[in-house]
Number of protein chains: 2
Amino acid sequence: MLSLVEENYLKAIYHLSEGGHLQVSTNALAEAVHTKPASVSDMIQKLDRKGVISYTKYQGVKVTDEGKEAALKVIRKHRLWEVFLVKHLNFNWDQVHEVAEQLEHIRSPLLIERLDAFLGHPNVDPHGDPIPDATGAINTKPQKQLQQLSPGSEGVIRAVKDSSPEFLQHMDKLGAYLGAQIKVMDKVAFDSSMKIRIDRATTIFISKEVAQNILVQEN
Amino acid sequence: MLSLVEENYLKAIYHLSEGGHLQVSTNALAEAVHTKPASVSDMIQKLDRKGVISYTKYQGVKVTDEGKEAALKVIRKHRLWEVFLVKHLNFNWDQVHEVAEQLEHIRSPLLIERLDAFLGHPNVDPHGDPIPDATGAINTKPQKQLQQLSPGSEGVIRAVKDSSPEFLQHMDKLGAYLGAQIKVMDKVAFDSSMKIRIDRATTIFISKEVAQNILVQEN
DNA sequence: AATTATTTTTAGATTAATCTAAATTACAGT
DNA sequence: ACTGTAATTTAGATTAATCTAAAAATAATT
Ligand SMILES: [Mn+2]
Ligand SMILES: [Mn+2]
Ligand SMILES: [Mn+2]
Ligand SMILES: [Mn+2]
């Protein structure tokens, strides 16, 4: 049984190790959970004792199979709640994260099972992130950063890498949304910025930073 | 700003003082929040310092206006979530309390406002308890304990005083539900048990204890 | 390889919430 | 008014989560 705080640490470790880094460093984790490295050092020893991560001093941590299962349960809840907020309570996609961060800790197997059914067993959240099923299985489709496409190629926006309100509000301003059809019109070699056409209608310019945070399914 | 634990104490104090007792005793509160009197003694001093209750040593506590406002916000959330669970997630009325006990602490003014609208601004929860509006106003209708009715009188079940799973499951077994039409057929002087007819169809016997926990609106 | 610099861990404190045991106050019945 | 019981409060500890400052280990640079 993990506390709310322990769940947040575990989820952060899981997310940090998703990015390829098998060993998650103390400093990176401190940054992610907004605490100091000293606090992290204490906590990872506790999580190691609980068996959800494996930790060797000065070498960082790694989630165990048991830890992965626990992390995925929290992530599942987080994303299902996000779907509820957007689909049924008319939240915008930039307003859901903070609330879901709280709701993900509600303990009730029945609740999450019923919520999932109520929502029609969605497989992605409002940011395009996949929702693990009750067993923890994730349905992951091949996606590329928009930045990696070359002029002429087309695709559909499927997810965003950055779910911060700032980025999402910028997306809204650009008229870029999940499901939008896009075509790369031009790519500037100098700064990797791009000109893209959305829904065969409007043409916009986006910076490299933006293009890196848009994930597309290529046609 | 109150912590989750402080919110639970405050809500308990509010509920205990609803029963007419203006001053809530340390022991009663300890029982209600499942802690020891020593812990309560500490906590009520803190809540007094925060201005939500007024406390004089050895004399018990009383919620202040500010405290009442805060308590009603938590109660509003608790009851709205209960409605959601029953109406949309198919929970039975005996399954909602524990989960609502957690959900009532989620902090998001937007969430509760939207949830209220989504539910169609209900004014009672699944146990017939009134739901305070956003300003804290409660719409309270005249209700009597079924136990107080005399033979021949009729009415409608509007609420239950006891929301424990045990009592609610017993209600289910009896076929007694909110909105049911009832008529008192007979009342035994010896033990105050009653014979009542539900929906002009089935006749059942109920004990004094049961009759005291059923609230009816008399015709 | 030796010396810095960085990262990580430990030591020692702090705050919130709880407990047990002891001290105090209030109340009730003679 | 006195005395015993019950209720309440205080004292002192404990656990979880955090912090700052200092020590130790690792990594990077001459
Ligand atoms: Mn969280
Ligand atoms: Mn998301
Ligand atoms: Mn609660
Ligand atoms: Mn209720």
Side-chain angles (χ1 to χ4, degrees), chain A residues 1-13 16-17 19 21-63 67 70-71 74 101-102 104-107, chain B residues 1-14 16-17 19-63 67 70-71 74 101-102 104-107:
Chain A
M1 186 103 305
L2 301 176
S3 73
L4 183 150
V5 171
E6 290 168 342
E7 284 186 343
N8 282 337
Y9 271 92
L10 182 59
K11 190 163 64 97
I13 295 168
L16 285 170
S17 55
H21 308 274
L22 279 189
Q23 297 290 109
V24 174
S25 78
T26 300
N27 270 353
L29 190 46
E31 162 114 57
V33 297
H34 305 107
T35 58
K36 303 290 165 173
S39 307
V40 169
S41 222
D42 275 341
M43 182 56 80
I44 59 185
Q45 297 179 40
K46 185 158 50 130
L47 291 175
D48 178 78
R49 268 180 264 125
K50 291 204 172 190
V52 291
I53 63 177
S54 75
Y55 163 63
T56 35
K57 260 181 195 158
Y58 296 101
Q59 301 307 128
V61 295
K62 197 171 135 355
V63 291
V74 178
E101 202 56 50
Q102 298 177 59
E104 70 187 0
H105 304 289
I106 301 292
R107 273 169 229 285
Chain B
M1 184 100 311
L2 300 177
S3 73
L4 182 150
V5 171
E6 289 168 342
E7 284 186 343
N8 283 337
Y9 271 91
L10 182 60
K11 189 164 64 100
I13 296 168
Y14 177 84
L16 286 169
S17 56
H21 307 274
L22 279 190
Q23 297 290 108
V24 174
S25 79
T26 301
N27 271 352
L29 190 47
E31 162 114 57
V33 297
H34 305 107
T35 57
K36 304 289 164 175
S39 308
V40 169
S41 222
D42 275 340
M43 182 56 82
I44 59 186
Q45 296 180 39
K46 187 159 45 131
L47 290 176
D48 178 79
R49 267 180 264 124
K50 290 202 173 191
V52 289
I53 64 176
S54 73
Y55 164 64
T56 33
K57 260 181 197 163
Y58 297 100
Q59 301 307 130
V61 297
K62 196 173 135 357
V63 290
V74 178
E101 202 55 51
Q102 298 176 57
E104 71 188 359
H105 304 289
I106 301 291
R107 272 170 229 285

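Here is the naming used below: chain letters follow the sequence lines, and residue numbers restart at 1 for every chain. The shown structure was predicted, so the numbers you read here are calculated from the model rather than taken from an experiment. Only this structure's heavy atoms are used, side chains among them; waters, hydrogens and symmetry mates stay out.
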| Is A:E6 salt-bridged to A:K11, going by a charged N under 4.0 Å from an acidic O? | no
| field | Side chain of A:P37 - closest among C:dT9, C:dT18, D:dT9 | value | C:dT9
| task | Would you mind reading off the distance between A:L2 atom CG and D:dA16 atom C1', rounded to a whole angstrom? | result | 14 Å
| task | Please work out if A:Q59 contacts a base, only the sugar-phosphate, or nothing of the nucleic acid, heavy-atom cut-off 4.0 Å. | result | nothing
| field | Between P of C:dT7 and CD of A:Q23, the distance in whole Å | value | 17 Å
| request: Grab the CG-C1' distance between B:L47 and C:dA16 for me, whole Å please. | output: 12 Å
| said: Expressed as a whole number of angstroms, how long is the span from B:E6:CD to C:dT15:C1'? | reply: 12 Å
| query | DNA chain D: A:K57 or A:Y9, which has the more 5' nearest nucleotide? | reply | A:Y9
Are there any protein N/O atoms within less than 3.5 Å of an N/O atom in nucleotides 4-7 of chain D, and if so, which ones and at what distance?
none

| Is the closest side-chain heavy-atom distance between B:N27 and B:E31 below 4.5 Å? | no
| task | Could you tell me whether B:R107 and B:E7 have a side-chain N and a carboxylate O separated by less than 4.0 Å? | result | yes
| message | As a test of reading the structure: which of D:dT10, C:dT9, C:dC19 is closest to the side chain of A:S41, going by heavy atoms? | response | C:dT9
| said: Between C1' on D:dT20 and CG on A:D42, what's the gap in Å once rounded to a whole number? | reply: 13 Å
| Any side-chain heavy-atom pair from A:V74 and A:L10 closer than 4.5 angstrom? | no
| For A:S39, which contact category applies under a 4.0 Å heavy-atom criterion: base, sugar-phosphate, or nothing? | base
| Value in whole Å for how far the C1' atom of D:dT10 lies from NZ of B:K36 | 17 Å
| Counting only N and O atoms by type, is there a donor-acceptor contact under 3.5 Å from the side chain of A:Q59 to the main-chain atoms of A:Y55? | no
| To the nearest angstrom, how far is B:Q45 atom CD from C:dT18 atom P? | 15 Å
| query | How many Å lie between CE on A:M1 and C1' on D:dA16, as a whole number? | reply | 16 Å
